[in-house]
Colleague: 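I have a structure here, written as structure tokens, and I will follow up with some questions on it.
Numbering of ligands and ligand atoms starts at 1, following listing order. Computed over heavy atoms, backbone and side chain alike; hydrogens, waters and symmetry mates excluded.
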Amino acid sequence: MSRTSNDWLLTPNGDPRGYIQPERLDELWFHTGTNCNLRCPFCLEGSKPGDNRIEFITFEDFLPLAKEALPLGLKRFSFTGGEPFVNPAMVQILDWALTHRPCLVLTNATEPLMNRMAEILAFADAPNALSFRVSLDFSDPERHDAGRGKGNFRKSLRTLGRLHEAGFSVSIARLQEDGEVPADADAAYSRHFAEAGLPEATRIISFPDFQLPGSIAEVPHITEGCMTRYLTAEQRSGFMCNFSKMVVRKDGKLGLYACTLVDDDPDYDLGSTLAEAQQERVTLKHHRCYSCFAFGASCSEG
Ligand code: SF4
């Protein structure tokens with residue numbers, strides 16, 4: 001841990017870094033592992049087949065932290081990878097989680113999910129709602145397939161339609177492009193939604209290029225003054241690190257990270273219990289923090 005180091009606390013100019021002091025725990029994310037059936041060159045997690053940078057979370061890892069989270073006011077569990085359904089424990093974990101809280105799964109909605117469709121469909125009757133967010137990077141299927149493999153746009157779209165038809169709430173994640181008009185970029189998905197039988201108003205979450213894990217990006221440093229000069233209290237409250245944590249298994253050990261975007265920097269491993277991690281102030285040192293600061297980027301659907 002180096003959270004008392006100058007680098008954590010101060011910008012290179014010596015100004016106190018902007019920070020978030022976590023206020024609550026609305027959602028607990030689990031990183032299911034960076035093993036993925038796809039190999040997308042832009043993946044912010046660097047996920048690919050057989051990858052082990054972040055290891056598979058097990059049911060035994062999940063259970064104590066999930067139980068610790070419930071009485072802390074937790075509203076939902078969320079899961080991201082890699083591809084969550086590559087993880088052999090995913091269905092067992094969801095089975096437990098859905099008896100206690102609503103769950104969100106970020107997935108590419110290709111073979112790993114399709115192969116477990118019968119078990120997943122059974123969750124339509126679970127005590128809490130299960131939602132899926134499916135990556136459709138671009139509205140042009142060829143561009144999506146250039147990153148994710150031929151035929152995968154239509155495969156994911158068909159799976160989305162099937163999940164919606166079964167009663168699950170679905171959303172999509174797309175990639176932002178320089179100079180885009182967001183409303184136009186979103187509207188270009190309408191014909192695909194119609195084809196899959198999805199509602200016109202299906203939620204679309206767009207993300208900037210977060211770059212590969214370990215990248216050093218040149219972005220402005222965020223000082224303590226920036227946080228109050230440019231943001232309202234409500235905007236600061238909406239930072240994921242204010243109301244969530246992500247469980248990550250690395251090198252055989254579990255860590256609680258400040259959010260879904262900083263698992264490549266060990267400074268953001270805030271401890272091994274939620275009680276401990278909730279006390280830790282999170283400075284905006286990571287280059288991806290700038291996306292939260294400047295664009296309100298968030299993986300949350302809360
Ligand atoms: S990336 Fe965003 S949510 Fe994560 S620690 Fe930085 S500011 Fe907080």
Colleague: Indicate if the distance from atom 8 (Fe) of ligand 1 to the nearest N, O or S atom of C289 falls below 2.8 Å.
Modeller: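 No - counting backbone and side chain alike, C289 has no N, O or S atom under 2.8 Å.
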Colleague: Pull out every atom of ligand 1 sitting under 4.0 Å from any heavy atom of F239, numbered as shown with elements.
Modeller: 7 (S)
Colleague: Can you say whether the rings of W96 and H100 are parallel (under 30°), tilted (30 to 60°) or perpendicular (over 60°)?
Modeller: parallel
Colleague: I'd like to check which ligand 1 atoms, numbered from 1 as shown, lie under 4.0 Å from a non-hydrogen atom of L284.
Modeller: 7 (S)
Colleague: To check your reading of the model: name the closest protein heavy atom to atom 2 (Fe) of ligand 1, its residue, and the distance in Å.
Modeller: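 Going atom by atom, the protein heavy atom closest to atom 2 (Fe) of ligand 1 ends up being C292 SG, 2.3 Å.
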Colleague: Quick one: does ligand 1 sit under 4.0 Å from the side chain of V282, the backbone, both or neither, non-hydrogen atoms only?
Modeller: side chain
Colleague: Do other residues, nucleotides or ligands put more than 12 heavy atoms under 6.0 Å from E165 CD?
Modeller: no
Colleague: What part of C241, side chain from CB on, backbone N/CA/C/O, both or neither, has a heavy atom under 4.0 Å from ligand 1?
Modeller: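 For C241, the contact with ligand 1 is made by both the backbone and the side chain.
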Colleague: Near C259, which atoms of ligand 1 are under 4.0 Å from a heavy atom of that residue?
Modeller: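 Counting from 1, the qualifying ligand atoms are 1 (S), 3 (S), 4 (Fe), 5 (S).
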Colleague: Can R116 be said to sit on top of F85's aromatic six-ring, NZ or CZ under 6.0 Å from centre and within 45° of the ring axis?
Modeller: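 No, cation not above the ring by the 6.0 Å, 45° rule.
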Colleague: What atoms of ligand 1 come closer than 4.0 angstrom to any heavy atom of M240?
Modeller: 3 (S)
Colleague: More than 12 non-hydrogen atoms from neighbouring residues, nucleotides or ligands closer than 6.0 Å to CZ on R162, yes or no?
Modeller: no
Colleague: Over 60° means perpendicular and under 30° means parallel, so classify the ring planes of F77 and F30, tilted if in between.
Modeller: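 If you compare the ring of F30 with that of F77, the planes turn out tilted.
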Colleague: Flag the pair D26 and K75 as a salt bridge only when some basic side-chain nitrogen lies within less than 4.0 angstrom of an acidic carboxylate oxygen.
Modeller: yes
